Amino acid sequence: RVSAACQRELHGVHPLALGIQPGEQAVVTWLGGKYSGTLDSGMKITAPWPIQLVEKENVTQVRLEEVPGTKTEKLILTGDQNLVDLSYLIRWNISDLTLYKYQLNDPRNALLEIGQAAMRAAVARQDLDSVLTGAGRAEIEQDVRMAMQARLDAYRSGISVQGIEINKVDPPSRVEE
């Protein structure tokens, strides 16, 4: 129940019409940060700021994360105990905005850490030749995607992995010279 004093304070407050674009969702929180609900695309009505805060997010946009970054060497051990320098892309999007916003402290970092662990495990099941020649590349990409999605689902992260793409596989730079 809303107290009489609060009703008097809110008497002059008018609702706010809000347009949420196709492909977007919005999380609505009350003053103080308490979760109110999730809004889908279309015209919606909420209480104005600061009573309710609305945070929009494009949930259909496919995002890209490059691992290990542009100028970093990422050495991974193969199944026959050799090292390879490997870089890859993770394609992902938000599948559940509420879980994405509130379940994990840093969902993007969790995605990267889970991706690195899954890639290490998948490469460790292959020998050096199949990793370098590309013969095992499709299998590695599929294994990593499935392992990542299983872990992200277990964490209730609200993230959907769309795919993994290995960009570069080379022997370590000190071996090439």
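These figures come from a predicted structure and were not determined experimentally.
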Exercise. Got a donor-acceptor contact below 3.5 angstrom from the E141 side chain to the I166 backbone?
Worked result: yes
For this session: Determine yes or no for a side-chain-to-main-chain donor-acceptor pair under 3.5 angstrom, with E139 supplying the side chain and G136 the backbone.
Result: no
Problem set entry | Derivation and outcome, side chain to side chain contact (heavy atoms under 4.5 Å, CB included), residues V169 and L86 | CA-CA 5 Å; V169 180; L86 189 134; 3.8 Å; yes
For this session: Show the numbers, then the answer: is there a side chain to side chain contact (heavy atoms under 4.5 Å, CB included) between E55 and L97?
Result: CA-CA 10 Å; E55 293 180 72; L97 184 59; over 6 Å; no
Problem set entry | CD-CG distance between Q103 and L152, expressed to the nearest 0.5 angstrom | 11.5 Å
For this session: Look up atom CG in L75 and atom CG in D170, then write down how far apart they are to the nearest 0.5 Å.
Result: 11.0 Å
To check you understand the geometry: which heavy-atom pair defines the closest contact between [X] and [Y], and what is its length?
{"X": "L128", "Y": "L83", "answer": "CD1-O, 4.2 Å"}
{"X": "M43", "Y": "A17", "answer": "CE-CB, 4.1 Å"}
{"X": "S157", "Y": "L104", "answer": "CB-CD1, 3.6 Å"}
{"X": "D80", "Y": "T78", "answer": "OD1-OG1, 2.5 Å"}
{"X": "A122", "Y": "I140", "answer": "CB-CG2, 4.0 Å"}

Crowding at [atom1], [X] (>12 non-hydrogen neighbours, <6.0 Å):
{"X": "D106", "atom1": "CG", "value": "yes"}
{"X": "K168", "atom1": "NZ", "value": "yes"}
{"X": "R91", "atom1": "CZ", "value": "yes"}
{"X": "R63", "atom1": "CZ", "value": "yes"}

Exercise. Given a cutoff of under 4.5 Å between side-chain heavy atoms of I, L, V, M, F, W and Y, with clusters grown through shared members, what are the other residues clustered with V54?
Worked result: L18, I20, V28, L39
Exercise. Q52: what forms a side chain to side chain donor-acceptor pair (under 3.5 Å) with it, not counting sequence neighbours?
Worked result: S36
Problem set entry | Residues which pass side chain to side chain donor-acceptor pair (under 3.5 Å) with S41, listed by chain and number, not counting sequence neighbours | none
Within one Ile-Leu-Val-Met-Phe-Trp-Tyr cluster: [X] and [Y], side-chain cutoff 4.5 Å:
{"X": "Y100", "Y": "L53", "result": "no"}
{"X": "M119", "Y": "V67", "result": "yes"}
{"X": "V123", "Y": "L89", "result": "no"}
{"X": "V62", "Y": "W92", "result": "no"}

Problem set entry | Worked check of side-chain hydrogen bond (donor to acceptor under 3.5 Å, both in side chains) between S95 and N93 | CA-CA 6 Å; S95 59; N93 71 313; over 6 Å; no
For this session: With sequence neighbours left out, write down each residue that passes ring-ring contact (aromatic ring centres under 6.0 Å, His included) with Y102, or none if nothing qualifies.
Result: Y35
What donor-acceptor contacts under 3.5 angstrom involve side-chain atoms of residues 107-118, with partners at least two apart or in another chain?
{"unit_1": "R108", "atom_1": "NE", "unit_2": "E65", "atom_2": "OE1", "d": "3.1"}
{"unit_1": "R108", "atom_1": "NE", "unit_2": "E65", "atom_2": "OE2", "d": "3.2"}
{"unit_1": "R108", "atom_1": "NH2", "unit_2": "E65", "atom_2": "OE1", "d": "3.0"}
{"unit_1": "Q116", "atom_1": "OE1", "unit_2": "K74", "atom_2": "NZ", "d": "3.4"}

Exercise. Distance only, no hydrogens: is a donor on one side chain within 3.5 Å (strictly under) of an acceptor on the other, for Q25 and D40?
Worked result: yes
Return a table of donor-acceptor pairs under 3.5 angstrom between the side chains of residues 143-150 and protein atoms on other chains or two or more places apart.
{"unit_1": "Q149", "atom_1": "OE1", "unit_2": "V161", "atom_2": "N", "d": "2.6"}
{"unit_1": "Q149", "atom_1": "NE2", "unit_2": "D153", "atom_2": "OD1", "d": "2.8"}
{"unit_1": "Q149", "atom_1": "NE2", "unit_2": "I159", "atom_2": "O", "d": "3.1"}

Exercise. Salt bridge between E57 and K101, side-chain N to carboxylate O under 4.0 Å?
Worked result: yes
